[in-house]
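Read the structure below first, then the notes.
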Number of protein chains: 2
Amino acid sequence: MVLDSFDKKILQLLQRDNKISQRELAEQVNLSPSAVNRRIAALEADGYIKGNIAIIDNKKLGKPITLIVEVRIKNKHTVAMDHHKSIFLSTPAIQQVYLVTGDFDFLLIMTVADMSEYEQLSERLLFNDENIHGFKTMVTLQNIKQSFDINIE
Amino acid sequence: MVLDSFDKKILQLLQRDNKISQRELAEQVNLSPSAVNRRIAALEADGYIKGNIAIIDNKKLGKPITLIVEVRIKNKHTVAMDHHKSIFLSTPAIQQVYLVTGDFDFLLIMTVADMSEYEQLSERLLFNDENIHGFKTMVTLQNIKQSFDINIE
DNA sequence: AGTGAAAGGTATTGGGG
DNA sequence: CCCCAATACCTTTCACT
């Protein structure tokens, strides 16, 4: 499947607002609603659209603090790394996990209610893990931009 | 406005999948569809729901590389910082911008097609800015988890 | 592949408790 | 603030170009 300019325009609009009706979408891309409907179905079937979500205000939901954690690992063999990944994946406070090259191995972005929640989490996830060589935590003062928008040409 | 357990359950479900119908939502929280409808409208009006978006596959859209950039700023006065923020905000390749405490000032997460795109961007955004003291770039090997899910108790 | 119309399903609104 | 019912709107399908 290769995307034409209609598909790209549709994706561009949906990644900004997926509540837009197919009828309005059709107007904006100059197609009929049924054509838009079929294209969206195809884009979802082929995995171009990975999910449809509501973005919730973390401050209003009692999780005002965003933390960035750089984690260094001792033994980087596959089994060990998979172990760390699955723990990070299953921890609800952790929103994002990146495996990176450079001075550290994992970058975590997490959201907590207060620093005591973070202390408990870091104790359980980081201090008490033999294979974690060290970690550095930074508190964010401001979440200036938070999106997964892709620049679709 | 204070959230009760119905609102929290609704938000919890919508942040996982906002395409779920209000009818199904109503079943899962044990309310009528109209009650769910009114609650969602109120949650949006009060800013608990900040947006509704489709998540697009960055690899399939020709942006397979995610980069993490730590930026250090020389002069951190308000005017200068606002300048940096607005530039980062208006750069489509930059998905996320955090203002942080610690060894550096901004953390950027960006998505590009290839390293030459990054070189062009870093030249324009980082090298050619007198007020940027330095920056460190890390390439992600794997985006293990990417969400904005909040742990709603 | 696209269109347009028909059918089916959801969202939304208003009356009543 | 809830439910139920009616209406309006949207999505989805189908026949045809």
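Each chain gets a letter, A, B and so on, in the order the sequences are listed, and its residues count up from 1.
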Next item on the list: Could you go through the salt bridge (Lys or Arg N to Asp or Glu O under 4.0 Å) check for A/Lys76 and A/Asp105 one step at a time?
Entry: CA-CA 9 Å; A/Lys76 299 175 192 176; A/Asp105 302 294; 3.0 Å; yes
Exercise. Evaluate salt bridge (Lys or Arg N to Asp or Glu O under 4.0 Å) for A/Asp103 paired with B/Lys136, printing each intermediate quantity in order.
Key: CA-CA 10 Å; A/Asp103 299 345; B/Lys136 193 164 78 175; 2.6 Å; yes
*Any luck finding a side-chain donor-acceptor pair between B/Tyr118 and B/Gln120 under 3.5 Å?*
no
(message) Side chains of A/Thr111 and A/Asn58: any donor to acceptor distance under 3.5 Å?
(response)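 There is no such pair (donor and acceptor under 3.5 Å, judged by atom type) between the side chains of A/Asn58 and A/Thr111.
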So the contacted stretch of DNA chain C, first to last nucleotide with an atom under 4.0 Å from a non-hydrogen atom of chain A, runs from C/dA1 to C/dG4
Hits for side-chain contact (heavy atoms from CB on, under 4.5 Å) against B/Ala113, two or more places apart or cross-chain, chain-then-number order -> B/Lys63, B/Glu117
Expected list for residues 32-53 of chain A near DNA chain C, using heavy atoms below 4.0 Å, is A/Ser32, A/Ser34, A/Ala35, A/Arg38, A/Arg39
Ordered by number, residues from residues 16-27 of chain B within less than 4.0 Å of DNA chain C (heavy atoms) are B/Ser21, B/Gln22, B/Arg23
**Report entry** Neighbour count above 12 (heavy atom, 6.0 Å) for B/Lys74 NZ
**Finding:** yes
Inter- and intrachain pairs under side-chain hydrogen bond (donor to acceptor under 3.5 Å, both in side chains), touching residues 32-48 of chain A, at least two apart: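 Sorted result for residues 32-48 of chain A: A/Asp4-A/Arg39, A/Asp7-A/Arg39, A/Gln22-A/Asn37, A/Ser32-A/Ser34, A/Glu44-A/Asn52.
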ask   = Using 30° and 60° as the class limits, which term best fits the ring planes of B/Phe148 and A/Phe148: parallel, tilted or perpendicular?
value = parallel
The side-chain hydrogen bond (donor to acceptor under 3.5 Å, both in side chains) partners of A/Lys19 (sequence neighbours excluded) come to none
Practice prompt. Would you mind telling me which of A/Thr137, A/Thr140, A/Val139 makes a side chain to side chain contact (heavy atoms under 4.5 Å, CB included) with A/Ile68?
Written response: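 When A/Thr137, A/Thr140, A/Val139 are each tested with A/Ile68, the side chain to side chain contact (heavy atoms under 4.5 Å, CB included) holds only for A/Thr140.
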